[in-house]
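Everything below concerns the one structure shown next.
Values in this document were obtained by computation on a predicted structure and should not be read as measured data. No hydrogens, no waters, no symmetry mates; every other heavy atom, side chains included, goes into these values.
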Amino acid sequence: MDCIPALQMHTDWVCVVASALNLGSASVDDIVLIWTIRKEGDNWNGKVLYDFKVPVWRVYWSLTGNLLAVAAGDNSVTFAS
């Protein structure tokens with residue numbers, strides 16, 4: 001899985017990349033990105049899920065891959081589906 005070029009969309013340190021059906025990445029730049037790819041060999045496409053306005057330290061996908069838990073620097077945990 002070569003997602004390194006796609007992670008260049010972040011503007012600061014990437015803290016974690018979590019995989020399920022898609023990828024999720026969290027960064028000190030305060031945003032969570034969701035990464036999708038149509039088929040193997042295509043480029044990864046990143047979309048901002050949310051700007052938390054504080055550093056984001058962790059993202060975790062549920063076992064089914066349809067729920068993303070986000071832990072942010074303000075001690076909050078947010079769930080996105």
Side-chain angles (χ1 to χ4, degrees):
M1 181 176 341
D2 185 15
C3 63
I4 300 304
L7 294 179
Q8 293 174 356
M9 225 173 127
H10 282 290
T11 60
D12 209 331
W13 291 93
V14 174
C15 300
V16 66
V17 174
S19 65
L21 302 174
N22 298 314
L23 291 177
S25 60
S27 172
V28 177
D29 63 8
D30 305 346
I31 63 173
V32 171
L33 295 169
I34 302 298
W35 301 95
T36 57
I37 190 169
R38 290 185 189 262
K39 63 181 180 182
E40 189 174 334
D42 283 354
N43 292 328
W44 286 89
N45 297 306
K47 180 181 175 187
V48 175
L49 174 66
Y50 191 75
D51 183 346
F52 284 84
K53 308 292 187 221
V54 295
V56 181
W57 302 116
R58 299 281 185 265
V59 289
Y60 300 97
W61 287 104
S62 65
L63 292 176
T64 57
N66 63 343
L67 186 65
L68 185 69
V70 180
D74 60 357
N75 295 323
S76 67
V77 175
T78 304
F79 297 95
S81 59

In the structure I gave you, are the side-chain heavy atoms of [X] and [Y] within less than 4.5 Å of one another anywhere?
| X | Y | result |
| --- | --- | --- |
| L33 | L49 | no |
| W44 | T36 | no |
| F52 | T78 | yes |
| V32 | V59 | yes |
| L68 | F79 | no |

Under a single-linkage definition using a 4.5 Å side-chain heavy-atom cutoff for Ile, Leu, Val, Met, Phe, Trp and Tyr, are [X] and [Y] assigned to the same hydrophobic cluster?
| X | Y | result |
| --- | --- | --- |
| V56 | V54 | yes |
| V17 | L63 | no |
| V70 | Y60 | no |

(message) Using 0.5 Å steps for rounding, measure from the CG atom of N43 to the CZ atom of R38.
(response) 11.5 Å
(request) Report the C-alpha distance between S81 and N66 in whole Å, list the side-chain angles of each, state the deciding distance to 0.1 Å, and finish with yes or no for side-chain contact (heavy atoms from CB on, under 4.5 Å). (result) CA-CA 6 Å; S81 59; N66 63 343; 5.9 Å; no
(message) Among residues at least two apart in sequence or on other chains, which ones pass side-chain hydrogen bond (donor to acceptor under 3.5 Å, both in side chains) with S25?
(response) H10, W35
(message) The criterion is side-chain hydrogen bond (donor to acceptor under 3.5 Å, both in side chains); which residues satisfy it with D51, sequence neighbours excluded?
(response) K53
(message) Tell me if the CG atom of N75 is crowded by more than 12 foreign heavy atoms within 6.0 Å.
(response) no
(request) Show which residues join V28 in its hydrophobic cluster (side-chain heavy-atom contacts under 4.5 Å, direct or indirect), or state none. (result) W13, W57
